[in-house]
Amino acid sequence: MRWSKTFIPTLKETPSDAEVPSHQLMLRAGLIRQLMAGAYTYMPLGYRALRKAEAIVREEMERAGAIELFMPALQPIDLFERTGRKDAFGNVLINFEVQRGDKKVHLALGPTHEEVVTDLMSHAINSYRQLPLTVFQIQTKFRNEERPRFGVLRTSEFLMKDAYSFGTNLEQLDDAYQAMYNAYCRIFSRCGLTYIPVEAESGPIGGDASHEFMIPAPNGEDRIVHCKACGYAANLERADTGRETPPIETAANASELKKVDTPDATSIEQVSKMLDCEPSQMIKTLIYQADDEPVAVLIRGDHEANEGKIRRELEAESVELATPETIQKVTGAPVGFAGPVGISCKVIADHDIPVIVDAITGANEGDAHYTGVNVGRDYQLDTTFDLRNAAAGDPCPKSGEPMELVHGIECGHVFKLGTKYSVSLGADYLDEKEKRHPIIMGCYGIGVNRIIASLAETSNDENGLIWPLAVAPYEVLLIPLNINDEEVMKVSDNFYSQMQDAGIDVLYDDRKQRPGFKFKDADLIGIPLRVVVGGKGLKEGLVEIKWRTDGDPTKVPVDEAMDTVNAMLAQRREEEEGE
RNA sequence: CGGGAUGUAGCUCAGCCUGGCAGAGCGCUGGCUUUGGGAGCCAGAAGUCGCAGGUUCAAAUCCUGUCAUCCCGACCA
């Protein structure tokens, strides 16, 4: 493609609305343009990259045995009512009524396609002989994000590859899941991304029934803990910590229990400021309503309670923060002054609680806290639990080594669904004994835009983007330095047609611009291989070839240049595949 | 939905406090020169100062409302 004939509006300055690197660079490199919050046009260069990523996804899906189909984005709201997800999605589900003759039809724009695909299979699958089956599609999804942000990382309309597996038993589900998991690893590595498969919320099936594929990036929305030693990684909410119950005994040097006035100080922050202490010295006493029973949960002041873990330890159906009335009843104090000393309900504590010597807690009395609170003497614990979110430095549950906190961009998710949708939408099959069973399903998503955005986010330098060959909009950027120089143009035109003939994706910068201008644009858009034809070099019979990441170009005789380019591309392709 | 910020030329921004001709750089158009890391000179085009209302002789500037965008939080397949 000739640059002069395509449409690549690069920007010298960074638009003020863009904050994260991917957004800034994609805008500046002319890959995208914003229409409104959460909706972007993919410009020719950006769309080429997107389509290359899409092609890799498609290839690997097919290699894994999945079959491509294409479902409607417009869906009847009825399907979401039957699965209960109209309420579950709430505002996120874009839905509206349209007039059709004398009827009103209530439609939704698909945020995902479990309903549609399950409905499809409920009609199309009758027998166990038709299973297992995995289908996929690559299609635009719609979600009314309450807050679209980070440019193209979180949008209300996005390209997603979604696959769904159908099987008769757990072995078939495991096989499909494993096939998808492996395909995802290949996809992300072929796209040149470093990725971490992360254990995620596993739902009703339990075990390792769900993984998210995270691209580590400082601006990622998700926080995960990661053990470098053994590779264990999990969502902050999901992650176990390898901590154990410490000895529960009163410290020998414990100070006296004292009540101090803390007027209006109801938060950890306020109390720590008023009493001039660290939040880690404090015990947060949260009163939860676990089903019908109020329970006090003790968490260190600087930690975050994890309601999922609390619910599991209490074996409760539901856990939520208690009402002010309940708190008043249990603690005898208004909200913000609860503490374990003399409280009148069940108390459970996190592992980190009993080791706090001379802790500070609420006094179960308005405007007052205790200092010098010590386990065994002032309050009693039988044992302790893992009740909080994991934090940097926590020991890994597998290796015991300290874990690090990593921010990540969620680019893929594999999930064992079980029979949730097949039951509610009546997708059954008959087994060999003519017995009816719900089909066992799995679902597997990849955000294709996020592959591109993650690359922009993580693969760049101060001059611009750096594409891997596999996803780059073009593989080679051919630059004649002076289009008024006949000799330069003769050689360049010749290269251009030879490259096209060789099947190389080449962008030909035939614009009437000064060399500096072209070099700056070249670095900005980050095409992997740059071939420069200039008057000076030609006098010695040389052209310059350089990877985007190289410091200096290699000078090559004109008649060897094509061979060199082909060889360099071939080698790089092999390296990227082999990763 | 709560908190914060910003809306002035295609882009980056000044002007607003203290009301009085609508500004600069980049980009764009034409011309000449230049041609190895975002060129120089000359001449131009380009704005409903987000929108609506109010105060005033007079509003980009002050007041009220509203919309949009960005950031933090809440929420989130």
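In this text, all values refer to a predicted model and were calculated from it rather than measured experimentally. In what follows, chains carry the letters A, B, and so on, assigned in the order in which the sequence lines appear, proteins first and then strands, with residues in each chain numbered from 1.
Between T14(A) and T112(A), the residue anchored closer to the 5' end of RNA chain B is T14(A), taking for each the nucleotide with the nearest heavy atom.
Taking all atoms of both residues into account, the shortest heavy-atom contact from E60(A) to A183(A) is O-CB, 4.0 Å.
Relative ring orientation between H23(A) and Y40(A) is described as perpendicular, the plane-to-plane angle rising above 60° on a 0-90° scale split at 30° and 60°.
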- Derivation and outcome, salt bridge (Lys or Arg N to Asp or Glu O under 4.0 Å), residues K141(A) and E157(A): CA-CA 6 Å; K141(A) 301 284 191 260; E157(A) 181 181 334; over 6 Å; no
Please tabulate, one pair per line, each protein N/O and nucleotide N/O from nucleotides 23-25 of chain B that are separated by under 3.5 Å, including the distance.
from: rG25(B); atom 1: N2; to: E13(A); atom 2: OE1; distance (Å): 3.1

Atom pairs, N/O to N/O, protein against nucleotides 67-74 of chain B, distance under 3.5 Å?
from: rU69(B); atom 1: OP1; to: A37(A); atom 2: N; distance (Å): 3.1
from: rU69(B); atom 1: O2'; to: D17(A); atom 2: OD1; distance (Å): 3.2
from: rU69(B); atom 1: O2'; to: D17(A); atom 2: OD2; distance (Å): 2.7
from: rC70(B); atom 1: OP1; to: Q34(A); atom 2: NE2; distance (Å): 3.1
from: rC71(B); atom 1: OP1; to: F150(A); atom 2: N; distance (Å): 3.3
from: rC72(B); atom 1: OP2; to: R147(A); atom 2: NH2; distance (Å): 3.0
from: rC72(B); atom 1: N4; to: R147(A); atom 2: NE; distance (Å): 3.4

- Note on the structure: With sugar-phosphate taken as primed atoms, P, OP1 and OP2 and all else as base, the protein-contact string of nucleotides 27-40 of chain B at under 4.0 Å (heavy atoms; B, S, -) is -------BBBBBB-
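Evaluation of the side chain to side chain donor-acceptor pair (under 3.5 Å) rule for N306(A) yields N389(A) as partners, not counting sequence neighbours. Looking at residues two or more places apart in sequence or on another chain, you find no side chain to side chain donor-acceptor pair (under 3.5 Å) involving R312(A). Residues passing the side chain to side chain donor-acceptor pair (under 3.5 Å) test with S280(A): none are found, sequence neighbours excluded.
Of the possible donor and acceptor atoms, one in the side chain of S459(A) sits under 3.5 Å from a partner among the backbone N and O of I466(A). K520(A) places no side-chain N or O within donor-acceptor distance of the main-chain N or O of N463(A), the cut-off being under 3.5 Å. A distance-only check finds no donor-acceptor pair linking the side chain of K555(A) to the backbone of G541(A) [under 3.5 Å].
Summarising the local packing, CZ of F7(A) is surrounded by 12 or fewer heavy atoms from other residues, nucleotides or ligands at distances under 6.0 Å.
Under the Watson-Crick and G-U wobble criteria, each requiring two contacts below 3.5 Å, nucleotide rG7(B) is paired to rC67(B).
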